[in-house]
Amino acid sequence: MLCYHFSRMSNHEIAKLLREIAASYTIKNDKKFRFQIIAYQKAADAIDNTNFEIQDLYKENKLNIVPGIGISIKGHLEELFQKGKVAHFDWVKEGISEAVFPLLDIPTFGPKRAYKLTKEFNLKNSDTVIEDLEKIAKEGKISSLKGFGEKSEKEILRAIKEYKEGKKKTIRMPLPYAFELTEKVVDYLKKSNAILEARPLGSLRRMMATVGDVDIAVSTNNPKQALEYFVNYPFKERVVEKGPTSASILVSGGKQVDLMTQPPESFGSLLQHFTGSKGHNIHLRELALKKGMSLSEYGIKKISKKEENIEKFNSEEKFYKALGMDFVPPEIREDTGEIELALEHKLPNLVELKDIKGDLHIHSNYPIEPSHDLGRNSMQEIIKKAEDLSYEYVGFSEHNPSISKHKEKDIEKIITKRNKKIEQLSKSNKNIRIINLLEVDIMPNGKLAINENFLSFFDAVIVSIHSSFAMNKREMTKRALSGLSHPKAKIFGHPTGRKINERNGYELDWDEIFEFVKKHKKALEINAWPNRLDLPDSIVRESVKKGVKMVINTDSHEVSQMDLMKYGVAVARRGWATKDDILNTLPYNRFIEWIKS
DNA sequence: GCCGTTTTCGGCCCGACTGTTTTCAGTCG
């Protein structure tokens with residue numbers, strides 16, 4: 001019997017276990033357990049997405065605050081944490097080899113096929129199952145199996161090969177990377193005269209921090225020609241599938257691009273359908289069902305009417321209106337309360353890029369001899385760029401001078417000189433107001449990496465953590481709060497320290513951080529750097545709920561990077577932030593009043 | 001197994017595509 005290391009199971013491991021239960025139910029009897037399967041998958045999704053550590057919630061007896069965890073699953077998880085195993089889970093998994101589960105990470109493998117193959121060939125070792133199966137396929141033993149054939153055998157070999165090359169179901173691209181990839185495909189599509197419009201949708205349109213597949217919707221009166229053109233995309237690796245209304249290709253690097261088509265008169269329903277999220281759409285359709293309507297990418301069917309009449313929608317606004325709802329911004333279509341508010345016409349006015357009046361986290365090339373990397377452009381070039389972006393103000397915030405390389409006297413000299421430079425620039429640039437900042441390390445002991453006497457040289461400083469990430473939650477929270485406690489420390493930079501696809505970031509006690517930041521009128525940064533996007537959207541949402549203010553910054557080291565602001569705004573929108581929640585939407589006078597307060 | 005301004009019982013989204021099938025099962029989004 002398998003025992004789990006219950007002393008410390010991460011949310012991800014717990015979610016994985018619940019997905020294994022869903023898969024096992026599917027294998028046992030997918031019709032009989034249809035709703036259990038959905039329930040376990042939903043619970044797994046919820047656990048993957050929550051900000052709370054599930055084991056912490058268990059200790060506080062608050063597991064049921066996670067939507068999707070009800071009486072049964074709560075009980076099972078409690079048993080898991082107490083005993084390290086769950087009798088009911090063992091029952092569900094009975095007769096199913098552990099070797100089934102690694103196969104589920106490979107595209108085209110679902111529970112049924114994985115089970116059939118492991119059972120037929122008596123595969124028991126979950127560490128070697130993929131290699132074992134590959135060998136069997138190469139020997140041509142799969143094609144003779146009932147329900148399999150030559151093609152599926154080849155498909156299995158290809159899927160395993162691609163999986164080994166790193167094309168797993170779970171690997172996701174950072175948002176800006178996905179943007180560039182998509183732009184190339186969309187530009188190509190627009191050159192076809194069969195294609196009237198092409199728009200990226202899915203998680204990309206919802207501006208999620210990471211994107212799995214790229215989804216593109218096409219408006220066309222000639223789907224056959226449009227799809228033929230699509231699958232001939234010059235940078236394609238291969239065609240995954242192609243039908244009369246949709247097709248999928250793999251492009252360079254093995255990323256999948258899905259294309260769906262509709263004629264212009266139904267394009268609105270298609271946009272809505274293909275933007276998702278899955279949870280948002282399911283909720284919407286359940287709601288519609290209760291009103292006697294059935295929703296799909298084709299439009300709205302009235303169930304009561306005998307004739308198969310589908311009402312079509314050329315715009316999303318009209319589609320939502322037909323359901324009695326306001327248009328829901330794509331960024332918040334995650335089924336976390338937006339549907340209810342759209343019905344009551346009470347959706348928040350989310351912050352927009354044009355609301356941003358300044359960027360405070362920019363590294364110039366001023367020779368400050370910093371602890372970390374210097375920027376590449378001059379302060380003057382940055383000011384010029386800020387003008388181009390129609391900002392009112394800009395903040396210079398190079399890293400603090402390295403304390404290991406300088407004596408305090410040298411640091412004082414460097415800062416004094418920099419201050420004079422900023423003063424002079426302020427006089428010569430009337431269109432852009434300059435805010436004199438610095439990004440200062442919070443050292444492991446909680447002290448700032450600059451003598452506190454020097455802080456008076458600045459309007460304020462951004463404090464952030466760049467080292468010793470392995471500290472525990474308690475110590476890290478203490479460290480962060482200590483760093484923020486100086487009156488000049490106004491902004492907590494990239495607060496979680498995460499790097500997407502690289503590291504998770506350290507743990508903090510968010511309730512304590514929120515309380516402190518709010519009480520002392522500080523702000524949390526939403527850092528727009530592509531693989532940071534930090535704060536994560538879910539923590540922005542909590543900040544908004546708690547009334548904690550934020551600023552959105554690019555952390556630019558080069559002027560072109562100041563354009564990354566849109567990704568930071570996207571994160572803020574995904575966290576339901578309005579203009580009022582974001583301090584750098586304030587005009588200069590009010591912003592400077594805050595930062596000097 | 002979860003959930004609730006139609007319900008604490010009786011519901012639970014909707015469709016595309018492929019391969020192995022002679023009408024459907026499996027996977028995916």
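Chain naming here is simple, since letters A, B, ... match the order of the sequence lines and numbering starts at 1 in each.
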Short side-chain to backbone donor-acceptor contact, [X] and [Y], under 3.5 Å:
| X | Y | result |
| --- | --- | --- |
| A/Thr578 | A/Asn349 | no |
| A/Ser192 | A/Ala226 | no |
| A/Thr26 | A/Ala22 | yes |
| A/Glu98 | A/Ser126 | no |
| A/Asp581 | A/Val544 | no |
| A/Glu150 | A/Ser143 | no |
| A/Lys236 | A/Val231 | yes |

Distances under 3.5 Å only, N/O to N/O: pair up the protein atoms with those of nucleotides 7-10 of chain B.
residue	atom	partner	partner atom	Å
B/dT7	O4	A/Lys290	NZ	3.4

Under 4.0 angstrom between A/Tyr298 side-chain N/O and B/dA16 OP1 or OP2: yes

Under 4.0 angstrom between A/Tyr40 side-chain N/O and B/dC2 OP1 or OP2: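 Result: no.
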
Qualifying residue, where the test is side chain to side chain contact (heavy atoms under 4.5 Å, CB included) with A/Asn314 and the options are A/Glu316, A/Lys318, A/Glu317: A/Lys318

A/Val257, A/Asp215, A/Leu204 screened by side chain to side chain contact (heavy atoms under 4.5 Å, CB included) with A/Thr182, the one that passes: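 Testing A/Thr182 for a side chain to side chain contact (heavy atoms under 4.5 Å, CB included) against A/Val257, A/Asp215, A/Leu204 leaves exactly one candidate, A/Leu204.
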
For [X], report the nucleic acid contact type (base, sugar-phosphate, nothing); a contact means any heavy atom under 4.0 Å.
| X | answer |
| --- | --- |
| A/His88 | sugar-phosphate |
| A/Tyr25 | sugar-phosphate |
| A/Glu150 | sugar-phosphate |

Residues within residues 225-257 of chain A bordering DNA chain B, heavy-atom distance below 4.0 Å: A/Glu241, A/Lys242, A/Gly243, A/Pro244, A/Thr245, A/Ser246

Strand contacts (DNA chain B) in residues 68-76 of chain A, 4.0 angstrom heavy-atom criterion: A/Gly68, A/Ile69, A/Gly70, A/Ile71, A/Ser72, A/Ile73, A/His76

Rounded distance in Å between the P positions of B/dC17 and B/dT22: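 Pairwise P distance, B/dC17 against B/dT22, rounds to 22 Å.
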
B/dC12 and B/dG19, which share atom name C1', separated by this distance in whole Å: 30 Å

A/Lys184 to A/Phe235, cation-pi by 6.0 Å centre distance and 45° axis angle: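 Yes, A/Lys184 lies over the aromatic ring of A/Phe235.
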
A/Trp91 six-ring face occupied by A/Lys28 cation (under 6.0 Å, within 45°):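 Positive - A/Lys28 is close enough to the ring of A/Trp91 and near enough to its axis.
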
Give me the distances for all protein-to-nucleotides 21-24 of chain B N/O pairs that come in under 3.5 Å?
none

Would you kindly give the [atom1]-to-[atom2] distance between [X] and [N], to the nearest whole Å?
| X | N | atom1 | atom2 | value |
| --- | --- | --- | --- | --- |
| A/Lys28 | B/dG1 | NZ | P | 12 Å |
| A/Asp213 | B/dC17 | CG | C1' | 15 Å |
| A/Lys151 | B/dT27 | NZ | P | 18 Å |
| A/Lys291 | B/dT5 | NZ | P | 14 Å |
| A/Ile21 | B/dG1 | CD1 | P | 10 Å |
| A/His273 | B/dG29 | NE2 | C1' | 7 Å |
| A/Phe109 | B/dC28 | CZ | P | 10 Å |

Position toward the 5' end of DNA chain B (nearest nucleotide), A/Gln36 or A/Glu153: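 With A/Gln36 and A/Glu153 compared, the 5'-side residue is A/Gln36.
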
A/Asp30 or A/Gly149, whichever maps to the more 5' nucleotide of DNA chain B: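 By nearest-heavy-atom nucleotide position, the 5'-most residue is A/Gly149.
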
Other residues, nucleotides, ligands: >12 heavy atoms within 6.0 Å of A/Lys154 NZ: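 Count not over threshold, so no.
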
Between protein and nucleic acid, restricted to nucleotides 11-13 of chain B and to nitrogen or oxygen atoms under 3.5 Å apart, what atom pairs and distances do you find?
residue	atom	partner	partner atom	Å
B/dC12	O3'	A/Glu286	OE2	3.0
B/dC13	OP2	A/Glu286	OE2	2.7
B/dC13	O2	A/Arg285	NH1	2.3

From CA spacing to verdict: ring-ring contact (aromatic ring centres under 6.0 Å, His included), A/Phe179, A/Tyr567: CA-CA 11 Å; A/Phe179 246 90; A/Tyr567 298 113; 5.6 Å; yes

Distance-only donor-acceptor check, side chains A/Arg113 and A/Ser152, under 3.5 Å: no

Partners passing ring pair (Phe, Tyr, Trp, His ring centres under 6.0 Å) against A/Phe327 (at least two apart in sequence or in another chain): none

Assigned partner base of B/dC28, Watson-Crick or wobble definition, under 3.5 Å: B/dG15

Single hit among A/Arg333, A/His283, A/His280 for side-chain hydrogen bond (donor to acceptor under 3.5 Å, both in side chains) with A/Glu338: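 Filter result, single survivor: A/His280.
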
Close side-chain approach of A/Phe267 to A/Leu196, heavy-atom, < 4.5 Å: no

